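Small disclaimer: the values here were computed from a predicted structure and weren't measured.
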Amino acid sequence: QVQLVESGGGLVQAGGSLRLSCAVSGRTFSTYLMGWFRQAPGKDREFVARISRSGVTTYYSDSVQGRFTISRDNAKNTVYLQMNSLKPEDTATYYCAAGSRYGSSTIEVDYWGQGTQVTVSS
């Protein structure tokens with residue numbers, strides 16, 4: 001089974017930056033579309049960013065466009081989310097996800113990570 005493990009979350013001041021990492025097990029990492037989602041208490045899980053198998057194509061939600069960058073290193077079986085200019089509204093649990101198909105403005109998720117907490121103070 002494919003396993004995803006996130007790291008890099010923490011507490012940061014508004015305007016600061018964090019870099020999340022997601023390590024993926026197995027030999028087939030490059031065959032998966034990868035994405036990041038987030039969920040705040042009392043809210044639905046929402047799409048944040050996705051990246052193609054090659055890493056060439058990316059797509060972001062409007063709320064993070066211009067501030068967040070998704071990337072991947074297929075040699076290391078790792079996907080990243082660089083988060084800059086963080087706002088208190090970005091506070092959430094962030095989840096890494098892997099899928100085999102594109103969804104509408106997202107990916108169809110086959111595997112989820114356990115999540116990592118990001119807290120942005122004002």
Side-chain angles (χ1 to χ4, degrees):
Q1 290 293 110
V2 174
Q3 293 182 310
L4 292 73
V5 180
E6 301 97 330
S7 62
L11 175 65
V12 65
Q13 187 83 1
S17 298
L18 283 174
R19 190 193 194 202
L20 307 183
S21 298
C22 175
V24 183
S25 68
R27 299 161 56 189
T28 58
F29 176 71
S30 64
T31 70
Y32 289 105
L33 307 171
M34 299 298 299
W36 287 95
F37 297 75
R38 66 187 183 185
Q39 187 168 25
K43 295 187 177 181
D44 294 332
R45 188 169 298 186
E46 65 175 348
F47 168 79
V48 174
R50 73 184 187 199
I51 190 166
S52 64
R53 295 172 178 89
S54 68
V56 172
T57 304
T58 59
Y59 184 78
Y60 302 90
S61 67
D62 290 342
S63 61
V64 308
Q65 178 71 47
R67 299 188 297 120
F68 291 11
T69 302
I70 187 171
S71 61
R72 68 191 295 165
D73 186 339
N74 287 349
K76 294 183 177 180
N77 281 22
T78 303
V79 62
Y80 306 94
L81 185 68
Q82 178 67 47
M83 305 184 294
N84 298 326
S85 301
L86 283 162
K87 306 173 181 179
E89 309 93 89
D90 296 318
T91 295
T93 300
Y94 283 71
Y95 296 90
C96 181
S100 55
R101 297 183 181 185
Y102 286 109
S104 59
S105 302
T106 184
I107 64 170
E108 295 184 4
V109 178
D110 297 322
Y111 304 98
W112 291 101
Q114 84 289 348
T116 186
Q117 179 66 37
V118 172
T119 302
V120 184
S121 62
S122 60

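- Smallest separation of non-hydrogen atoms from Ala49 and Leu81: CB-CD1, 4.3 Å.
- The shortest side-chain heavy-atom distance between Gln39 and Asp44 does not fall under the 4.5 Å cut-off.
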Give every donor-acceptor pair under 3.5 Å between a side-chain atom in residues 94-104 and any protein atom, sequence neighbours left out.
from	atom 1	to	atom 2	distance (Å)
Tyr94	OH	Arg38	NH1	2.9
Tyr94	OH	Asp90	O	2.7
Ser100	OG	Asp110	OD2	3.1

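- The side chain to side chain donor-acceptor pair (under 3.5 Å) contacts involving residues 2-11 comprise Glu6-Gln114, where partners must be two or more places apart or lie in separate chains.
- Distance check: Lys43 NZ to Thr93 OG1 gives 13.0 Å after rounding to the nearest 0.5 Å.
- Not counting sequence neighbours, Thr91 has no partner by the side chain to side chain donor-acceptor pair (under 3.5 Å) test.
- Residue pairs meeting the side chain to side chain donor-acceptor pair (under 3.5 Å) criterion with at least one partner in residues 16-32, sequence neighbours excluded, are Ser17-Asn84.
- Taking every heavy atom of both residues into account, Val48 and Phe68 meet most closely at CG1-CD2, 3.8 Å.
- A search for side chain to side chain contact (heavy atoms under 4.5 Å, CB included) contacts involving Ser122 returns Pro88, not counting sequence neighbours.
- Side-chain contact between Phe37 and Ile107 is present, with at least one heavy-atom pair separated by less than 4.5 Å.
- With sequence neighbours left out, the side chain to side chain donor-acceptor pair (under 3.5 Å) criterion links Ser71 to no other residue.
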Point to revise | Worked verdict on Leu33 versus Arg50 for side-chain contact (heavy atoms from CB on, under 4.5 Å) | key: CA-CA 7 Å; Leu33 307 171; Arg50 73 184 187 199; over 6 Å; no
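- A donor-acceptor pair under 3.5 Å is absent between the side-chain atoms of Asn74 and the main chain of Ser54, judged by distance alone.
- The shortest side-chain heavy-atom distance between Met83 and Trp36 does not fall under the 4.5 Å cut-off.
- In the hydrophobic cluster analysis, where Ile, Leu, Val, Met, Phe, Trp and Tyr join through side-chain heavy atoms closer than 4.5 angstrom, Val24 is grouped apart from Val5.
- The minimum heavy-atom distance between Val56 and Ser52, with the atom names listed, is N-OG, 3.3 Å.
- Counting heavy atoms from C-beta on, the side chains of Tyr60 and Thr69 come closer than 4.5 Å.
- Here the OG1 atom belonging to Thr78 is positioned 12.5 Å from the CG atom belonging to Leu20, to the nearest 0.5 angstrom.
- Using a 4.5 Å heavy-atom cutoff, the side chains of Met34 and Leu4 are in contact.
- Atom CD1 of residue Ile70 and atom CD of residue Gln82 lie 12.5 Å apart, to the nearest 0.5 angstrom.
- Connection of Val64 to Leu86 is established within a shared hydrophobic cluster, with ILVMFWY side chains joined at heavy-atom distances below 4.5 Å, either directly or through further cluster members.
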